[in-house]
Protein chains: 2
Amino acid sequence: MERREVMVGKTRARVLTAARELLLLKDFSGFSMEAVARRADVSRLTLYYQFKSKAGLLEALYDHIARRGKMEQLADVFRHGSDPLATLHDYIRVFANFWASDRGAIRRLHGLASIDPDIGKGLQARNERRRQGVQTIVERYSRVYPALSSARKAIVIDTIQMLTSFETFDALAGSSRNMDDVVSIIQEHVHHAVGYAGKAPL
Amino acid sequence: MERREVMVGKTRARVLTAARELLLLKDFSGFSMEAVARRADVSRLTLYYQFKSKAGLLEALYDHIARRGKMEQLADVFRHGSDPLATLHDYIRVFANFWASDRGAIRRLHGLASIDPDIGKGLQARNERRRQGVQTIVERYSRVYPALSSARKAIVIDTIQMLTSFETFDALAGSSRNMDDVVSIIQEHVHHAVGYAGKAPL
DNA sequence: TTGTAATTATACATACTGTATGATTAATAT
DNA sequence: ATATTAATCATACAGTATGTATAATTACAA
């Protein structure tokens, strides 16, 4: 089991690359199992064999994009036991980098997720994991700055979740705004979100 | 030309109601021209006659929802020449009411819009009109509070546009948060957005 | 060498979109 | 009252999509 796995990996990668390219075309109706197969120079049946269904293929594509967008960095953000506010800033930066890494494709995948429950399930799970991350940070934060009342905690978490979402990033990035600016706008607002509930943390 | 227009109006309303109901079903794949026609007790051909295409039907559905969501109120917000900050608050409330008026359907329509350019075009036009509204308010605001530098104006407009978007509302409303709370969270952040660029306006 | 995983070929059932052609019903105009 | 026209419907067709079934083929692995 070696050469074989490599071959399979290459086939899957070729398919996922083709799928991503077709996902970005203006005319999304051009995205079909048949078209992806043709572009990847693979039989349509191979797609079903490897990914089960269209939803399965798109799920795998999201994973693919997450890997390419360096989402592993997220683990490090939590490992370093630094200032919770710094953690929050790093957290925002990691996600902004991810969202920016393949904006068009992610936008389409999110659109599909809100329509097809099969695809939506995977994204929902991701969102819950994201929420857990936010919660962990806020928890640490409220230990250092106890002024954050527990009644406000839920609001703060939801607000940060919203501010670090793809949709927020996408709206702020617009057609040309540079990413560091977007990150600092988001950081500003997250800072405000945790700040207005208690004392100013800086 | 009277009785006839009434009949057509009734037919269209019945179709749009059926379309909205099917749009809300978990399994969105059940949404098809055929299914809508069946549910509205109308021939499939009538749908094409009345709405041209699937995209046309969904466009009309968005209009339908906008009417039901009392979006006409928006005009009044601008007519009253009151304090720009009050205008902003009213503006936020009108949109929150609209987003809340048919959250599930709007979520699906926005999902479809990010996939199908035919549908997306209509929503993009709406967003541009929404942006114009924000711009007008910010313009009025910066006349009263000149501390808002023109360099920041673009950022402020984009931020408000983001904060008043459906996606922001949807994220903050979550599964159960009461709407007045959502509105005041958004107002808080919009206030911060216009405030941090210049002097505090209140 | 034998078994097995991966890919492919062909075919089929089912469903949807959009269009064409023409019939039918009912309101409107003259 | 009759002719006209708008709205609806029936049938049919072309094109394309998904997903599954069956079986053949290729190439790696035990």
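Quick note on labels: first sequence line is chain A, next is B, and so on, each numbered from 1. Nothing here was measured: the structure is a model prediction, and the numbers come from that model.
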* T87(A) and D90(A): side-chain contact (heavy atoms from CB on, under 4.5 Å), yes or no, with the steps? -> CA-CA 5 Å; T87(A) 306; D90(A) 290 346; 5.7 Å; no

* Asked: Should the ring pair H110(B) and W99(B) be called parallel, tilted or perpendicular, given that the plane angle runs from 0 to 90° and is split at 30 and 60?
  -> perpendicular

* Asked: In terms of the angle between their ring planes, are F31(B) and F28(B) parallel, tilted or perpendicular, with boundaries placed at 30° and 60°?
  -> parallel

* Asked: What about R4(A), does its side chain sit under 3.5 Å from the base of dA5(C) through a donor-acceptor pair?
  -> yes

[atom1] of [X] versus [atom2] of [N]: gap in Å, rounded?
X: L47(A); N: dA17(D); atom1: CG; atom2: C1'; value: 14 Å
X: Q50(A); N: dA6(C); atom1: CD; atom2: C1'; value: 7 Å
X: F51(B); N: dA7(D); atom1: CZ; atom2: P; value: 12 Å
X: E2(A); N: dA29(D); atom1: CD; atom2: P; value: 8 Å
X: M33(A); N: dG19(D); atom1: CE; atom2: C1'; value: 9 Å
X: D116(B); N: dT17(C); atom1: CG; atom2: C1'; value: 12 Å
X: K54(B); N: dC16(C); atom1: NZ; atom2: P; value: 9 Å
X: Y48(B); N: dA20(C); atom1: OH; atom2: C1'; value: 14 Å

* When the C1' atoms of the five terminal pairs at each end define the local axes, what inter-axis angle does the helix from dT1(C)-dA30(D) to dT30(C)-dA1(D) show, to 10 degrees? -> 10°

* Set of side chain to side chain donor-acceptor pair (under 3.5 Å) partners for R12(A), sequence neighbours left out -> Q50(A)

* Assign each of M7(A) and M7(B) to its nearest nucleotide of DNA chain C by heavy atoms, then name whichever residue's nucleotide is nearer the 5' end. => M7(A)

* Asked: Do V134(B) and Y91(B) pass the side-chain contact (heavy atoms from CB on, under 4.5 Å) test, and can you show the C-alpha distance, the side-chain angles, and the key distance before you say yes or no?
  -> CA-CA 9 Å; V134(B) 173; Y91(B) 181 88; 3.4 Å; yes

* May I ask you to test the V194(A)-L148(A) pair for a side-chain heavy-atom distance under 4.5 Å? => no

* To do: Decide yes or no for I155(A) and R177(B): does some side-chain heavy atom of the first lie under 4.5 Å from some side-chain heavy atom of the second?
  => yes

* To do: Using a 4.0 Å cut-off on protein heavy atoms (strictly under), produce a 5'-to-3' string for nucleotides 8-15 of chain C with B for base contact, S for backbone-only sugar-phosphate contact, and - for none.
  => B-BB----

* D170(B) CG to R107(B) CZ distance, which is reported to the nearest 0.5 Å -> 4.0 Å

* **D116(A) side, atom CG; K26(B) side, atom NZ - distance, nearest 0.5 Å** => 14.0 Å

* Short side-chain N/O contact from T11(B) to OP1 or OP2 of dT8(D), under 4.0 Å -> yes

